[in-house]
Amino acid sequence: MKQLIVSCEAASLQAALLEDRKLVEHEAQHPSETQRAGSIYIGRVVNVLPGMQAAFVDIGLDKNAFLYIDDVLPVNMQKQPKTKPPIGELLQPGQRVLVQVVKEPEGSKGARVTTHYSIPGRWLVYMPGAGYTAVSRKIEAEEEKVRLKQVADNLRCGEEGLILRTVSEGRSEEELRRDLLDLRELWTVIEQRAEAGAAPASIYQDLELLPRLARDVITEDVLEIWVDDEAVRAELQGLLRQRSPELAARVRLDGGDTPLFERFGIAEELSRSQRRKMWLPSGGYLVIDPTEALTVIDVNTGRFTGTSSLEQTVFRTNMEAAAEIPRLLRLRNLRGIIIVDFIDMEQSAHRDRVLECMAEAVKKDRSKTILLGWTKLGLLEITRKRK
């Protein structure tokens with residue numbers, strides 16, 4: 001069972017998603033913070049680096065954004081030249097360029113930007129100029145994939161690109177059409193702002209927390225939605241009534257004296273989940289070390305000594321870790337390259353079971369997560385899309 005808990009306190013808005021009463025996702029919106037990822041800017045090329053096949057673009061932030069040549073060439077691989085041209089043939093200093101942030105500024109690095117624009121709707125992702133349609137891999141029924149692909153091909157015009165999101169499964173052609181019309185209208189507004197605006201300038205920002213919850217998180221399988229503020233309840237219900245009236249009735253106002261995050265154990269779990277050392281149910285533990293290049297997760301037996309054999313002790317610890325790690329990836333929003341050092345297992349069947357457990361758990365992740373498999377050193381390689 002999924003539950004969404006939304007709390008408003010001291011002008012900050014927080015949302016927590018629970019699956020079977022376990023915290024799996026947390027988002028917060030503070031008045032002093034601005035989300036950059038997904039936002040679109042009209043920028044100006046500051047300098048071009050032929051040796052790196054990249055350029056730095058001023059988009060009005062403290063640090064210039066980084067634009068790589070692959071993010072300038074057409075998104076459709078069939079339209080790309082066989083040999084990449086020099087970056088200087090595509091971009092020159094002083095040139096205006098419309099870019100979208102794909103990676104937030106972090107530390108000493110500026111934002112990573114692209115010219116492969118994508119705007120998510122309720123059921124679709126709209127990609128002007130992409131020239132193809134695709135269906136989410138998480139939709140497993142082949143017949144439904146074929147249906148959605150055919151609907152998208154019928155709806156798409158010209159060089160538009162469309163991705164059918166996982167939540168589009170079972171949706172009618174009319175629902176998808178309405179979503180597409182809204183996204184087309186939004187893109188027209190963005191283009192008009194880009195033509196009229198001076199560089200650098202922000203011309204589009206992704207939705208704030210409540211609209212994003214209504215668009216991305218609240219689906220039919222979210223059975224309970226609790227909020228602690230009447231204004232938040234009214235706004236969230238209004239957003240849901242526009243597209244999913246049946247879900248609006250699930251938004252309930254909590255009038256209890258105990259804060260929502262305390263009543264559902266969210267505050268305590270948030271604090272625990274950010275620790276470097278995370279204990280597993282049987283007494284094993286994880287050590288999570290994020291670095292600038294990747295995140296390393298080490299699995300240990302800890303206090304767990306088992307009852308039958310060393311192999312069984314190791315296998316049970318690894319299985320608990322395989323169930324917990326995907327939850328922590330979502331909750332801590334770990335992304336990029338992730339290396340998991342499971343305890344060595346002698347039986348290949350045990351390694352297969354651990355990998356199957358991980359694969360099943362990452363299906364619930366809204367961010368694209370790929371298990372690349374075991375390395376020769378017995379490490380599990382994972383990539384998780386940055387968002």
Side-chain angles (χ1 to χ4, degrees), residues 1-9 11-31 35 38 119-126 136 138-139 144 148 151 155 163-186 189 205-266 330 364-367 387:
M1 181 182 75
K2 286 187 179 181
Q3 300 165 295
L4 181 66
I5 315 302
V6 183
S7 177
C8 183
E9 187 174 344
S12 294
L13 194 63
Q14 296 190 72
L17 182 65
L18 281 67
E19 292 178 356
D20 297 326
R21 303 197 178 277
K22 283 185 127 182
L23 180 64
V24 294
E25 292 184 21
H26 171 257
E27 288 193 66
Q29 178 180 297
H30 305 291
Q35 175 177 304
I119 305 175
R122 185 69 180 97
W123 318 118
L124 308 169
V125 176
Y126 183 70
S136 168
K138 292 185 178 182
I139 298 176
E144 178 65 359
L148 288 173
V151 169
L155 293 176
I163 295 178
L164 281 297
R165 305 180 66 189
T166 306
V167 291
S168 68
E169 187 171 8
R171 295 296 163 183
S172 68
E173 182 171 348
E174 183 56 32
E175 288 177 300
L176 300 178
R177 178 183 286 107
R178 288 201 303 267
D179 201 25
L180 176 56
L181 291 176
D182 290 343
L183 293 171
R184 278 181 184 153
E185 184 177 344
L186 176 57
V189 172
Q205 286 191 327
D206 198 9
L207 301 176
E208 294 188 341
L209 182 55
L210 284 181
R212 277 192 286 117
L213 291 175
R215 182 189 69 190
D216 299 336
V217 178
I218 302 175
T219 54
E220 283 75 5
D221 55 352
V222 178
L223 301 183
E224 292 183 0
I225 306 167
W226 289 97
V227 301
D228 60 5
D229 182 87
E230 172 58 33
V232 171
R233 182 197 64 80
E235 182 178 352
L236 192 53
Q237 283 186 327
L239 291 166
L240 290 171
R241 285 195 189 102
Q242 295 175 16
R243 293 297 176 87
S244 305
E246 69 280 3
L247 297 179
R250 300 182 187 179
V251 182
R252 300 163 66 182
L253 182 65
D254 179 71
D257 296 329
T258 305
L260 271 178
F261 271 36
E262 287 187 25
R263 180 154 72 86
F264 285 90
I266 297 168
R330 297 167 66 187
K364 302 175 183 178
D365 196 339
R366 289 187 292 120
S367 287
K387 69 164 187 173

Practice prompt. Mind running side-chain contact (heavy atoms from CB on, under 4.5 Å) on R178 and R122 for me, showing each step along the way?
Written response: CA-CA 10 Å; R178 288 201 303 267; R122 185 69 180 97; over 6 Å; no
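- Between R171 and D179 there is no salt bridge, since no side-chain N of the basic residue sits under 4.0 Å from a carboxylate O of the acidic one.
- You'll find the side chain of R165 reaches within 4.5 Å of the side chain of D216, heavy atoms only.
- Expressed to the nearest 0.5 Å, how far CD1 of I119 lies from CG of L186 amounts to 4.5 Å.
- Exactly one of D229, L210, V227 qualifies for a side chain to side chain contact (heavy atoms under 4.5 Å, CB included) with C8. That residue is D229.
- Residues L164 and L176 have side chains in contact (heavy-atom distance under 4.5 Å, counting atoms from C-beta outward).
- Within a 6.0 Å sphere centred on CD of E208, other residues, nucleotides and ligands contribute 12 heavy atoms or fewer.
- Within 6.0 Å of CD in E185 there are 12 or fewer heavy atoms belonging to other residues, nucleotides or ligands.
- With a 4.5 Å cut-off on side-chain heavy atoms, L236 and I218 count as touching.
- At least one side-chain heavy atom of S168 sits less than 4.5 Å from a side-chain heavy atom of I139.
- At a threshold of 4.5 Å between non-hydrogen side-chain atoms, the residues R212 and E27 count as touching.
- Atoms CG and CG, from D254 and L260 in turn, are 4.0 Å apart once rounded to the nearest 0.5 Å.
- Atom CG of L213 and atom CG of L13 lie 7.5 Å apart (nearest 0.5 Å).
- Judged purely by atom type and a 3.5 angstrom limit, E262 has no side-chain atom pairing as donor or acceptor with the backbone of P259.
- The OG atom of S244 sits 11.0 Å away from the CG atom of L239 when rounded to the nearest 0.5 Å.
- A salt bridge links K2 with D221: the distance from a Lys NZ or Arg NE/NH1/NH2 to an Asp or Glu carboxylate oxygen falls below 4.0 Å.
- Residues R252 and W226 meet the side-chain proximity criterion, which asks for heavy atoms closer than 4.5 Å.
- Between the side chain of R250 and the main chain of V222, a donor-acceptor pair closer than 3.5 Å is present.
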Under 3.5 Å donor-acceptor pairs involving side-chain atoms of residues 14-24, not counting sequence neighbours:
{"residue": "Q14", "atom": "OE1", "partner": "H26", "partner atom": "NE2", "Å": "2.7"}
{"residue": "E19", "atom": "OE1", "partner": "R330", "partner atom": "NH1", "Å": "3.4"}
{"residue": "E19", "atom": "OE2", "partner": "R330", "partner atom": "NH1", "Å": "3.3"}
{"residue": "E19", "atom": "OE2", "partner": "R330", "partner atom": "NH2", "Å": "3.1"}
{"residue": "D20", "atom": "OD1", "partner": "M1", "partner atom": "N", "Å": "2.7"}

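- Across every non-hydrogen atom of A248 and R241, the tightest pair is CB-CG, 3.7 Å.
- The structure places OG of S172 at 9.0 Å from CH2 of W123, a figure rounded to the nearest 0.5 Å.
- Atoms CG and CD, from L253 and Q237 in turn, are 9.5 Å apart once rounded to the nearest 0.5 Å.
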